[in-house]
Amino acid sequence: MPDSQPRLAPGCRWATHAEKPVVLYPEGMIRVQGTGQNILELCDGERTIQQIVATLAEKYAASEPDKIMDDVCSFLEGLRNKRIVDY
Amino acid sequence: MTPNPLALIAEITHRCPLHCVYCSNPLELAAVKDELSTSAWIDVFQQAGKLGMLHAHFTGGEPLARADLTELIAGACTAGLYTNLITSGIGLAEPRLRQLVDTGLDHIQISFQDSREDAANWIAGAKSHAHKIELSRVIRQYKVAFTVNLVVHRQNIDYLDEMISFIEQLAPERMEIAHTQYYGWALRNRAALLPTKAQLDKAVETVAAAEKRLAGRIRIDSVVPDYYARFPKACMGGWGRRLMLINPAGKVLPCHAAEVIPALTFENVRERSLEYIWQESASFQKFRGDAWMPEPCRSCDLRTQDFGGCRCQALLLAGDAATTDPACSLAPAHHIVEAAVAEANSNPAVSEFVSAASFVQLEQLTRNLWSYRKNPD
């Protein structure tokens, strides 16, 4: 899992709606902001989950990378079940 | 100002090579001679993009029946819209698929009628099943997102488990288990299509197990049919709240079935802009918000979630578009839905599928069971 390389799933892409970032999927869209946006923007199919967590830990100067790992994994798993993110 | 719509449903033709008995198209289909031109549609997509709409859902009838489909998809892509093709796949071979994908098609949805070939062709009134399987294999070789849609009803729901396994082999990203909604041809054929409670309960268990098994691989979207729900569906996410539908002749509707409401007149893109129609037209304002609501909706906490249910269903079943959707257990006209459900449960019979040498013969053999969808003039 930490070595997985998440990316937006087929048929999902970024767009702007009402001047805010959204991710479009075949039948709708999700609004993304804050931490969720920061995570998703790093999901380029190249970075591993481990690298994403490290980037976020640095960005937020956080002292609990394990907690960040848990949060990122559960966030991504939710989106994977919706077929918005693949890894 | 009402917030702008999110998506455009482009019903580009009512022509269709299939005759599905559950079709939600209106019984009065738009004539071929009245269909909007290529340039009129492209202008519509431009307007939709400027209004900030996100998706263009291409549907019909069968969108592939229009020879200019690739141009229309290109027009929607240029306008910045996400393009979704909702199709039977009939009329699509690899060269045209390649063109569509190269043009920028984001997503394709193919509908299946059953996993059993003879049953699928019986429900569709056309020999289409084998082609759909072949096409699904080709689609997976292209960079386009893929959903398989399955409409379920009394005649196929007992095979849901098999059908889900069948779809799994086609390897889509998503599958939609769509219970028949009773409008248009489906309402006419309701007695043959409405499942029993026992069938439905088993289907709900089957879907739950499949969701668990396929998690992370195939997303399953499924909704309980409203005849068996306590509260009505939030039809179209609320009248004039999120979506605009344009029919083949350019009429702009808040939903697929709205033309059944006799008191309403709908504007046409040939005469008015989408923005005017969305913001100003009487038809889009008629049931927007909650000022129109009667009791029990008016004082119900759920009115901001289900918006009183479906106006067309209220008209079709209770004869009044401005009453609470009879699917709601609190509706004054709920007894109408209860009667249909009671009738469905009084006889659990399922029909044997039949094959025939021609469509005319098939119609004759099944005329006591259902009417197949016709084609427009």
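Order of the sequence lines fixes the chain letters, A, B, ..., with proteins taken first and strands second; residue numbering starts at 1 for each chain. Below, all heavy atoms of this structure are taken into account, side chains as well, without hydrogens, waters or symmetry copies.
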Legend entry - Residues in side chain to side chain contact (heavy atoms under 4.5 Å, CB included) contact with B:C23, at least two apart in sequence or another chain: B:N25, B:W185, B:R373
Legend entry - All ring-ring contact (aromatic ring centres under 6.0 Å, His included) counterparts of B:F166, not counting sequence neighbours: B:F112, B:H129
Legend entry - Partners passing side chain to side chain donor-acceptor pair (under 3.5 Å) against B:S88 (at least two apart in sequence or in another chain): B:E62
Legend entry - B:A215, part contacting chain A, at a heavy-atom distance under 4.5 Å: both
Legend entry - B:L105, part contacting chain A, at a heavy-atom distance under 4.5 Å: neither
Legend entry - Most chain B-contacting option - heavy-atom pairs closer than 4.5 Å, from A:A15, A:A18, A:A9, A:G11: A:G11
Chain B to chain A donor-acceptor contacts, backbone plus side chain, under 3.5 Å:
| unit_1 | atom_1 | unit_2 | atom_2 | d |
| --- | --- | --- | --- | --- |
| B:H55 | NE2 | A:Y25 | O | 2.7 |
| B:H55 | NE2 | A:G28 | O | 3.2 |
| B:Y82 | OH | A:G11 | O | 2.4 |
| B:N84 | ND2 | A:E27 | OE2 | 3.4 |
| B:D106 | OD1 | A:R13 | NE | 3.0 |
| B:D106 | OD2 | A:R13 | NH2 | 3.0 |
| B:G216 | N | A:N81 | OD1 | 3.3 |
| B:R217 | O | A:R83 | NH1 | 2.1 |
| B:R219 | NH1 | A:K82 | O | 2.9 |

Legend entry - Residue selection (most heavy-atom pairs with chain A, distance under 4.5 Å) from B:L214, B:V144, B:I108, B:L6: B:L6
